[in-house]
Each structure stands twice: as C-alpha cells, then as structure tokens.
Colleague: 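Structure in structure tokens, see below.
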Amino acid sequence: MKIYNTLTNQLETFTPIHKDTVNIYVCGPTVYNYIHIGNARPVIFFDVVRRYFEHKQYTVNFVSNFTDVDDKVITKALEDQTTELEVANKFIDAFYKDAARVGSSTKYLAPRVTEYMSAIISYIERLVEQGYAYQVDGDVYFRVTKVSDYGILSGRKIDDLIEGSRIEVNNKKENPLDFTLWKKTNTGITWPSPFGEGRPGWHTECVAMIDEIFGGKIDIHGGGSEIKFPHHENEIAQHRAFHQDHIANIWMHNGQLNIDDKKMSKSEGRVILVKDLDVDYMGFRLFTLSTHYRSPINYTDEVLDAYVKDWERMRRVYKQTFYHLDLKESLDVSPVVSENLKAIELRFMDAMDHDFNTANAITELQNLVKFTNQTLRQKSSSEELKACIELFDTFFNILGLYPGVTPLNASDKAIYMAWTDARKNKDFDKADCLREKLSEKGIL
RNA sequence: GGUCCCGUAGCCAAGUGGCUAAGGCAAUGGACUGCAACUCCGUGAUCACCGGUUCGAAUCCGGUCGGGACCUCCA
C-alpha cells in the first residue's frame, strides 16, 4: 500500500509502527459555527482512510479533536451572551449531525482541548524547561530557531518567511516567527497555569493530545493543506523539541474545496453549510470522493447534481438486485463470483492501495453498476447476483456509501407480486395503480 | 515581494515516459418496452501554447499565457 507523504513529497510504502495497527490523528474543527462543505472534505476523506485500513484488517486508532477554546469560540460566546462551553456543546452536537449526514462514522475518540488542559500546560512547561520556549509577561512563546530544520514540512526557510511577510510586529517575541504557546488574557475563559492566568495557543493542543493519547509517534497525521503552515509545521517543531523525532511517519493533506473556482469566503457570501445542502448527502459524498484527495475540488451545483444522479444510479441497481433476490427468497444463497467481478474488485483495491485513489475506485464501482445491470437483464442465477450484491456491500462499506435497502415485508412483497401478475395479464390499469404504490414506498 | 500547485472532450475526471489517452454527466443514433421510467449497445480529445531532452512525452526540462493556494484566523 502506497501513501503520498507530504513531509517527503513522495509516494511511500506504508509500514505501521506497531504491527497490524494504524494510529491516525486528524486535526478537527474549531467549534464556533456549523461546518461548511469544505470542512466536510477531510471528514469524509479520512473516514474512508479509516474504513479502508479496517477493511485490510488493521486495528485503527482514529483520533480527531475539537478545538473548543480559541478566539473564535470566545467571540461567539460573547456575541451570544453565553459561555464557551455552551457554544462548543452546541456546535459539537451539530458537527456530529453533519458528519453522520455525509456518511462518516462519529465513533472515534474526539478529545476536546478543554479536557486536556493539564496535559497541555505540562507540555508547555517541559518546553520552557528545555529552553525551547520562553516566558514574557505571562505569555509563552516557542523559539523556532532552536529547532534545526524548522520549515521542513512546508518547504520554507525561516529567512524567506520573515522576508516580505505580513507578520504583525510583536516586540515580545525574540523572532517574529515564534508562536504562542500560552496567551495571557482576561477576555473569555481562562485557566490558571505556572505562567499565569490565560489559555493555550492553537498549535500546542494537537501535539499535547497526541502525546497524551498515543504516547509517542503516530503513523499518520492528517488535515487540510491550508494548515500545513503554520499549524502542522509548528506541531513538528514542538514534537522534535522533545523527542528529537518526527511526530508522525506520514503526513497526509487534502486539497481544498472551492466554490465556483474560488475559495469559500464568509465575507463574500460564498459559503455553503453542510446542513443547508439540499441534496442527497450520499451524492455529495460521492462528489467529494470523485476527485483525488490531494487535488483541489471545485463545487458547482451542476457538478454536484451529476454525482447525485450517479449515486441514484448506483443505489437503483443495488436496490433492484437486492429486491430481486428478496422476492425469490434468495438473499442467503452462496455467491458465485465470476472472473469479471474478481477483476473489478482487484482494480478497485489496486486504486485504493495507490494513495487512496477514490476516483479510480469509483470508476470500478461504476463498472460494477454496469455489470450488475447486465447480469440482472440476462436472467442470471441468484448466486451470480448475490456475488454482485456482496461486492457492492464491500465497495459501499469502504467508501461509506449507504444505499439504505432492507428486506421487504410480507405486504410489500404481495403488492410487488400483484403488480407483476397484473402486467402479465395485461391489466394495465391495475398495474399502473400498483406501480404507483410501489413507487411511493420507494421500492421501485 | 517570497514559496508552491494546477491547466486533459460542452462539464467533472483518471492517467505522470511506451500498445488505439480510463470512467461518469450532458448530447446524439439504435435496442428493449403496454405507456413511462430504468437498462443495454454505439458515437467525441493531435492532453493551454512555444521550444528542448529522448528511439518514444499529456507525462521530464525551459519559457509564455491563464487559474488558484499558502506566507495572517481559516479545514
């Protein structure tokens, strides 16, 4: 299995640190608002990564945090005249709903920054003790020059960053690139610490939680490409300060999602929230997986519609095949797998093995659709159709697509049979009436 | 100003040195059909442009044009 490592900028063969186990951490959302469709991309993609590893029989320890304390959460709490906790609770709840909507599992460890405050504070203390951080007036800053190859992830040099940068002047810092570990403040929620009352900076929470939860280096660290610098760069720097080693073997960054070829922007009114998306969410999921994860993806209503249609086609053939077997009481027959199906499965897995090429995997899913339709029309055996269903289940499970098709109850079966009979007897009025009924029930 | 990415048919998109450049949507011709839907079969590209390397390039190198990202909170 090959994965593109954005730390080394090359495709690497994946080798887990601990046999048969994958430890993966993905930077999660700051919970001050509903997530938009761009936020949903990593939520969907890394869910597929987890699913694929699980399909390959790995034990996957998947962790993705909630940033529930920072300026935006505090501002929101002040605006709404409520507490940071209330704001966080509200949007964490909303996040879970949205994640479930787009078909991503929410059953993973999701630590909140506020729950790890003591770990974060002691992490900062250790950085100070070892000379990697310094205190000024109750603030604590990280000393970037103390880490030898700062900029290794984003391919930048300290000098380049300073030159022509728009970094605000802060006389407290030794170096303009030094970043805040602890911020002295009296606005919003604060915590006591050896450095004084305040709250942590954004960049320490992830490393501290990774240290606390995984106890060392992880296999994969993921997130959006736009937080490569400075956030991930700073994570690497802090971890190296302690461990003289990288925090993760592999860094995976997903590309951005744009709308009409432009970055989403609140101020320009170019934002679409997941909860406001008025389409089948499985179609949206398919859309986000139709482009390789490292490439930017451009959202337009038309393109989304095309994938919603594509999803309907997939679901339709699955449903027809499933009911076909159900009506023949053949859902439990043993599958007979043809060479064609074996080839489709092989190509699907090859695509996934090659840096999670979901676009090519979806092509094989489309091939399966066509093949199943052909098999269905050829009046093939139930055993052959069962093999199609099982392969669909495998693919859907890896990609996180849910057709939501369950066995028919006795009365629905009776209606279906009556419809078939009516057509046979050329009683078309009755047939059309029954067809309408079946259609309303979503069976046709 | 600095760093980097991208430009493949009307649209989306895979392929990153080698047989006739995957696949989907749209369009269009046909088949199937009680009607409709569904479905199946067929039809489309000198890979932005110019130059170079090579026996051979969409794929590598240089340049031009166009689009975008990061350097500041941002998934």
Side-chain angles (χ1 to χ4, degrees), chain A residues 6 9 11 26-30 32-33 35-46 64 67 70-72 75 151 154-157 159-168 176-177 202 222-233 253-258 261-267 271 286-287 289-292 294-300 302-314 316-317 319-320 347 351 354 357-367 369-378 422-429 431-432 435-436 439 444:
Chain A
T6 41
N9 284 318
L11 224 45
V26 178
C27 290
T30 301
Y32 72 107
N33 200 349
I35 61 166
H36 59 237
I37 57 177
N39 300 122
R41 194 178 186 191
V43 170
I44 292 168
F45 174 68
F46 287 106
S64 186
T67 298
D70 90 337
D71 287 347
K72 280 171 299 194
T75 306
S154 52
R156 295 153 206 258
K157 298 187 182 85
D159 291 346
D160 289 344
L161 284 162
I162 295 169
E163 200 178 326
S165 72
R166 285 171 278 167
I167 295 166
E168 60 189 81
L177 290 177
W202 179 39
S225 58
E226 75 292 332
I227 53 171
K228 235 169 134 174
F229 187 89
H231 185 57
H232 291 159
E233 196 70 73
H253 289 99
N254 63 273
Q256 288 197 224
L257 187 150
N258 300 319
D261 275 321
K262 286 188 182 130
K263 189 179 168 175
M264 259 188 265
S265 156
K266 227 178 192 177
S267 53
V271 172
L286 193 64
F287 158 71
L289 295 174
S290 67
T291 299
H292 187 90
R294 279 187 280 117
S295 302
I297 185 168
N298 186 41
Y299 174 95
T300 64
E302 288 154 315
V303 174
L304 177 61
D305 283 348
Y307 285 100
V308 168
K309 230 181 199 171
D310 204 14
W311 165 244
E312 279 168 7
R313 205 166 142 258
M314 292 171 183
R316 189 183 299 125
V317 65
K319 188 169 72 170
Q320 285 176 352
R347 289 195 300 264
H354 198 85
N357 193 328
T358 53
N360 280 345
I362 287 169
T363 293
E364 296 311 323
L365 181 53
Q366 288 163 337
N367 282 336
V369 168
K370 185 173 281 188
F371 180 77
T372 305
N373 268 317
Q374 288 166 339
T375 308
L376 203 56
R377 303 295 148 135
Q378 282 161 7
R423 283 168 69 204
K424 253 184 215 156
N425 301 331
K426 300 200 187 291
D427 184 351
F428 297 124
D429 285 343
D432 286 351
R435 181 169 75 188
E436 184 62 24
S439 180
L444 283 186

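Protein chains get the first letters and strands the later ones, always in sequence-line order, with residue 1 at the start of each. This one's a predicted model, so the numbers in the text were calculated from it and none came from an experiment.
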Colleague: Is any side-chain N or O of A/Arg435 under 3.5 Å from a base N or O of B/A36, one able to act as donor and the other as acceptor?
Modeller: yes
Colleague: Quick check: are there more than 12 heavy atoms from other residues, nucleotides or ligands sitting under 6.0 Å from CD of A/Glu302?
Modeller: no
Colleague: Please name the nucleotide paired to B/C65 by Watson-Crick or G-U wobble geometry with both distances under 3.5 Å, or report none.
Modeller: B/G7
Colleague: How about NE2 on A/His231, more than 12 heavy atoms from neighbouring residues, nucleotides or ligands closer than 6.0 Å, or not?
Modeller: yes
Colleague: In whole angstrom, what separates A/Gln256's CD from B/G68's P?
Modeller: 13 Å
Colleague: Please work out if A/Lys426 contacts a base, only the sugar-phosphate, or nothing of the nucleic acid, heavy-atom cut-off 4.0 Å.
Modeller: nothing
Colleague: A/Arg294 CZ to B/A75 C1': how many Å, rounded?
Modeller: 18 Å
Colleague: Any donor-acceptor pair under 3.5 Å joining the side chain of A/Arg377 to the base of B/C38?
Modeller: yes
Colleague: In whole Å, I'd like the distance from the CD1 atom of A/Ile297 to the P atom of B/A69.
Modeller: 16 Å
Colleague: Classify the side chain of A/Lys263 versus the base of B/C74 as yes if they form a donor-acceptor pair under 3.5 Å and no if they do not.
Modeller: yes
Colleague: Please determine, for B/G1, whether a Watson-Crick or G-U wobble partner exists with both distances under 3.5 Å, and give it or none.
Modeller: B/C71
Colleague: Nearest to the side chain of A/Phe229, heavy atoms from C-beta on, is which of B/G24, B/C70, B/G68?
Modeller: B/C70
Colleague: Counting any heavy atom closer than 4.0 Å, what does A/Asp71 reach on the DNA or RNA strands: base, sugar-phosphate only, or nothing?
Modeller: nothing
Colleague: Is a donor on one side and an acceptor on the other found under 3.5 Å between the side chain of A/Thr300 and the backbone of A/Val303?
Modeller: yes
Colleague: Side chains of A/Asn357 and A/His354: is there a donor and an acceptor less than 3.5 Å apart?
Modeller: no
Colleague: Kindly point out which of B/G34, B/G68, B/A14 is positioned nearest to the side chain of A/Thr291?
Modeller: B/A14
Colleague: Please confirm whether any donor atom in the side chain of A/Asn360 sits under 3.5 Å from an acceptor in the base of B/G15, or the reverse.
Modeller: no
Colleague: Between A/Val303 and A/Asp429, which is nearer to the 5' end of RNA chain B once each is assigned its nearest nucleotide?
Modeller: A/Val303
Colleague: Could you tell me the Watson-Crick or G-U partner of B/C60, where both distances fall under 3.5 Å? Say none if there is no partner.
Modeller: B/G52
Colleague: Need to verify one output field. Residue with the more 5' nearest nucleotide on RNA chain B, A/Asp70 or A/Ser154?
Modeller: A/Ser154
Colleague: Counting Watson-Crick and G-U wobble pairs only, both distances under 3.5 Å, name the nucleotide matched with B/C40, or none.
Modeller: B/G30
Colleague: If I take atom CD in residue A/Glu226 and atom P in nucleotide B/C4, what distance separates them, rounded to the nearest angstrom?
Modeller: 19 Å
